[in-house]
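Since the structure comes first, as structure tokens, the remarks are kept for the end.
Computed over heavy atoms, backbone and side chain alike; hydrogens, waters and symmetry mates excluded.
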Amino acid sequence: MAWKNEQEVDVVITAVASAGCQVYADGITGFIDQVKHPSWRSKDVAPPQVGDRLHAVVLGDTRNPPRLSALQRDIDIARMLRERE
């Protein structure tokens, strides 16, 4: 199974680096850039930790690993795009 752009996925963080975090779900490993994690925009949100569960949306299904976003704004945009189809 492969993720598709605009698909929403519940993921678990498996590694954290300065550039972002590696996530895993459905047998697939993905990546969330630091700017696509809510903690980058709000000091009220804890930084990512291994084991955290996030609801995210796929932004780059052709990248290796696929790129995702955990920002509500990106999730809302994906929902709008899916509704148009």
Side-chain angles (χ1 to χ4, degrees):
M1 176 184 180
W3 290 333
K4 300 290 183 199
N5 285 338
E6 289 90 40
Q7 178 181 351
E8 293 181 46
V9 184
D10 290 318
V11 298
V12 176
I13 296 176
T14 57
V16 177
S18 60
C21 51
Q22 178 179 292
V23 296
Y24 181 83
D26 303 327
I28 303 170
T29 298
F31 190 79
I32 297 178
D33 293 306
Q34 72 171 0
V35 297
K36 295 297 185 177
H37 187 277
S39 65
W40 191 76
R41 297 188 179 267
S42 173
K43 293 182 183 196
D44 296 330
V45 177
Q49 299 285 327
V50 172
D52 286 355
R53 295 182 181 280
L54 297 172
H55 187 72
V57 65
V58 180
L59 300 180
D61 62 4
T62 60
R63 307 246 342 242
N64 188 16
R67 296 304 197 266
L68 295 93
S69 173
L71 297 179
Q72 187 61 49
R73 172 179 56 106
D74 290 333
I75 293 168
D76 292 342
I77 290 169
R79 287 177 181 168
M80 250 184 358
L81 291 171
R82 286 194 317 266
E83 288 175 3
R84 288 184 186 172
E85 293 177 357

- request: Kindly work out whether a path of hydrophobic side-chain contacts (I/L/V/M/F/W/Y, heavy atoms less than 4.5 Å apart) joins V9 to V50.
  value: yes
message: How close do D52 and P47 get, counting heavy atoms only, and between which atoms?
response: OD2-O, 4.0 Å
- request: Answer yes or no: is there a donor N or O on one side and an acceptor on the other, between the side chain of D33 and the main chain of G20, under 3.5 Å?
  value: no
statement: Here the gap from L68 atom CG to W3 atom CH2, rounded to the nearest 0.5 Å, amounts to 5.0 Å
Spacing of CD1 belonging to I75 relative to NE2 belonging to H55, to within rounding of 0.5 Å: 4.5 Å
- request: Would you indicate whether the side-chain heavy atoms of T29 and Q22 approach each other to under 4.5 Å?
  value: yes
query: With side chains defined as the heavy atoms from C-beta onward, is the minimum distance between V57 and Q7 less than 4.5 Å?
result: no
query: Do NZ/NE/NH1/NH2 and the carboxylate oxygens of E8 and R79 come within less than 4.0 Å?
result: yes
message: Ignoring hydrogens, what is the shortest heavy-atom contact between A2 and I28? Give both atom names and the distance.
response: CA-CD1, 3.8 Å
Among R67, K36, R63, the one residue meeting side chain to side chain contact (heavy atoms under 4.5 Å, CB included) with F31: R67
- prompt: Roughly how far apart are D76 CG and L81 CG, rounded to 0.5 Å?
  reply: 11.0 Å
- request: Any chance you could measure L59, atom CG, to D74, atom CG, to the nearest 0.5 Å?
  value: 5.0 Å
- request: Taking all heavy atoms of V16 and all of P48, pick out the closest pair and write down the distance.
  value: CG2-O, 3.7 Å
- prompt: Is it the case that one hydrophobic cluster holds both L71 and I32, taking links as side-chain heavy atoms less than 4.5 Å apart, direct or via other members?
  reply: no
task: Could you pull out all residues at least two apart from V45 that satisfy side chain to side chain contact (heavy atoms under 4.5 Å, CB included)?
output: H37, P38, S39, S42
message: Donor-acceptor pair, distance only, cut-off 3.5 Å: does the side chain of R82 make one with the backbone of E6?
response: yes
- request: Identify the heavy atoms of T14 and V23 that sit nearest to each other, and give their distance.
  value: OG1-N, 4.1 Å
